[in-house]
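So the structure is just underneath, and the comments pick up after that.
So that the names make sense, note that chain A is the first sequence line, chain B the second, and so on, each numbered from 1.
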Protein chains: 2
Amino acid sequence: MTEQPAQTTTAGDPATARGEQTRQLIRDTAMRLFRERGYAQTTMRAIAQEAGVAVGNAYYYFGSKDHLIQEFYAQSQVEHRAAAQPVLDREEAFGPRLAGVLHAGIDVLTPSHGFAATFFKTAAEPTSPLSPFSAESSGPRQAAIDLFGEVLTGSTAKVDAELRPQLPELLWLAYMGVILYWVHDRSPGQTKTRQLIDGAVPLIDRLVALSRLRVLRPVTRQVLDLIRTLRH
Amino acid sequence: MTEQPAQTTTAGDPATARGEQTRQLIRDTAMRLFRERGYAQTTMRAIAQEAGVAVGNAYYYFGSKDHLIQEFYAQSQVEHRAAAQPVLDREEAFGPRLAGVLHAGIDVLTPSHGFAATFFKTAAEPTSPLSPFSAESSGPRQAAIDLFGEVLTGSTAKVDAELRPQLPELLWLAYMGVILYWVHDRSPGQTKTRQLIDGAVPLIDRLVALSRLRVLRPVTRQVLDLIRTLRH
DNA sequence: CGCCCTTCTTGAACGTGTTCAACTACCGAT
DNA sequence: ATCGGTAGTTGAACACGTTCAAGAAGGGCG
């Protein structure tokens, strides 16, 4: 939080132009080694050596080994958005759109299941800037929430007016739940996670539809009030 | 997993009689320092020094620094059970019983909020034996699930026959969710978590009651089938 | 060209969790 | 009492993430 001189890029980021190349080199090398050996087995010394730089240089661009994970998150988010596009173009109904986007997220993550799982623990630490709930990762998080916003806006689903503004974030939360399950999923090819998505989506779909029923209005209200209370 | 000679205690535990004293000394010292300084700030060297033993001795009893956390879990579980007893004796209705037991759990954890939060990340790592889902912590986990079984069996609630056997584990899962929220709860005194409990319990109560309705039977079935599929 | 300032780079050094070969204390059997 | 083996204990050594003082590279300006 020291004051920075004027920069062309966002504050706090030391990357202007000269070092951008090195930054990417280190990042790509790290990602490769993470995939090859796993997170814990990849040492900062190994990353530096493979990238042909000094250890300290990696720390000039990334505050810690954990911060390299954030790069992985950001990268995954972008890939997720891209993989979801065909689904959003193709499907119109809420259920298939949601299922498609959830499956796309797992598709993107699947090649990294082995090592991604081991470092999702870091994301669970509340104090860590890597937590999906933290301010520091609000960028990727908002992008993800927006993606679920698109699932909703582009669909033909009729949603309770009060629920609608909350729903994208709730769907994102459900996605976090899916990921939590996926991380622990030891079934071959993580087929169980696929079953979770296919089983849960119709339930969510039905629940969203039911929220408009007059009889259930009080319950819907109650739930939404609770959520509003609990949000930050 | 080397074969052990006959022991008076459970297998795999090097504590017979002579070392039990040292074991407890190290454990208690560690717990005290964790509370005083936090988990990350407490070094194994500090624990050893304060306990008056060599560093390696701590590793004779506890495989790693993380394993000391498991002691904390076990201890908390026992305290939770004890704190829940008055509630189970006093309350008869399902809702108050559940709320009481959940509050009791948070009561027990509250003094450790500062440091407990930081190491719950370790619990989130799937490969870690410290995960609440792991085989290694099946003992405390089962004890916790049984506690929610008592919430149910001692209550006057009428529960769908198919749901009943699954419910204790589901309630435990909900409790894990409460803890996850609590860990991230930055509100003073974690009052938000209390609101979560008070807000969610009536919903769960209503949901459980509704599960017996004929109209909702197909949904109940669908949910239970999904859960059965996903369990292990 | 020479100067200065910022950006970038270096690698030795620090503190950490963890390991391990050596050692000591205890206890039952001879 | 002596021996032998297991349980318990030691602290130096190792590999790791991280820090930091020192320097190199680059570029704008006289």
[atom1] of [X] versus [atom2] of [N]: gap in Å, rounded?
X	N	atom1	atom2	answer
A:Leu68	D:dG17	CG	P	11 Å
A:Tyr60	D:dT18	OH	P	18 Å
A:Glu20	D:dA25	CD	P	22 Å
B:Gln21	D:dT9	CD	P	9 Å

List, with names and distances, any nitrogen or oxygen atoms from the protein found under 3.5 Å away from nitrogen or oxygen atoms belonging to nucleotides 26-28 of chain C.
unit_1	atom_1	unit_2	atom_2	d
C:dC26	O4'	B:Arg18	NH1	3.1

Can you pull the salt bridge (charged side-chain N to carboxylate O under 4.0 Å, His left out) pairs that have at least one residue in residues 173-198 of chain A, sequence neighbours excluded?
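Output for this query lists A:Asp107-A:Arg194.
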May I ask you to check whether A:Ser64 and A:His67 show a side-chain donor-acceptor distance below 3.5 Å?
yes
Would you indicate, yes or no, if D:dG8 has its OP1 or OP2 atom less than 4.0 angstrom from a side-chain nitrogen or oxygen of B:Thr22?
no
Could you pull out all donor-acceptor pairs under 3.5 Å where a side-chain atom in residues 24-34 of chain A meets a protein atom, sequence neighbours excluded?
unit_1	atom_1	unit_2	atom_2	d
A:Gln24	NE2	A:Glu20	OE2	3.4
A:Thr29	OG1	A:Leu25	O	2.6
A:Arg32	NH1	A:Glu36	OE2	3.2
A:Arg32	NH2	A:Glu50	OE1	2.8

Going by the rule side chain to side chain donor-acceptor pair (under 3.5 Å), which residues pair with A:Ser76 if we only count those two or more places apart in sequence or in a different chain?
none
Under the side chain to side chain donor-acceptor pair (under 3.5 Å) test, which residues partner B:Gln49, sequence neighbours left out?
none
Go along nucleotides 13-21 of chain C 5' to 3' and tag each nucleotide: B for a protein heavy atom under 4.0 Å from its base, S when only backbone or sugar atoms are that close, - otherwise.
B--BBBBB-
Can you tell me how the ring of A:His80 sits relative to the ring of A:Tyr175, calling it parallel under 30°, perpendicular over 60° and tilted otherwise?
tilted
Can B:Leu68 and B:Tyr61 be said to form a side chain to side chain contact (heavy atoms under 4.5 Å, CB included), step by step?
CA-CA 9 Å; B:Leu68 281 164; B:Tyr61 292 102; over 6 Å; no
Specify the closest pair of heavy atoms between B:Val101 and B:Val87, including all atoms of both residues, with the distance to one decimal.
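Looking at all heavy atoms of both residues, the closest pair is N-CG1, 4.1 Å.
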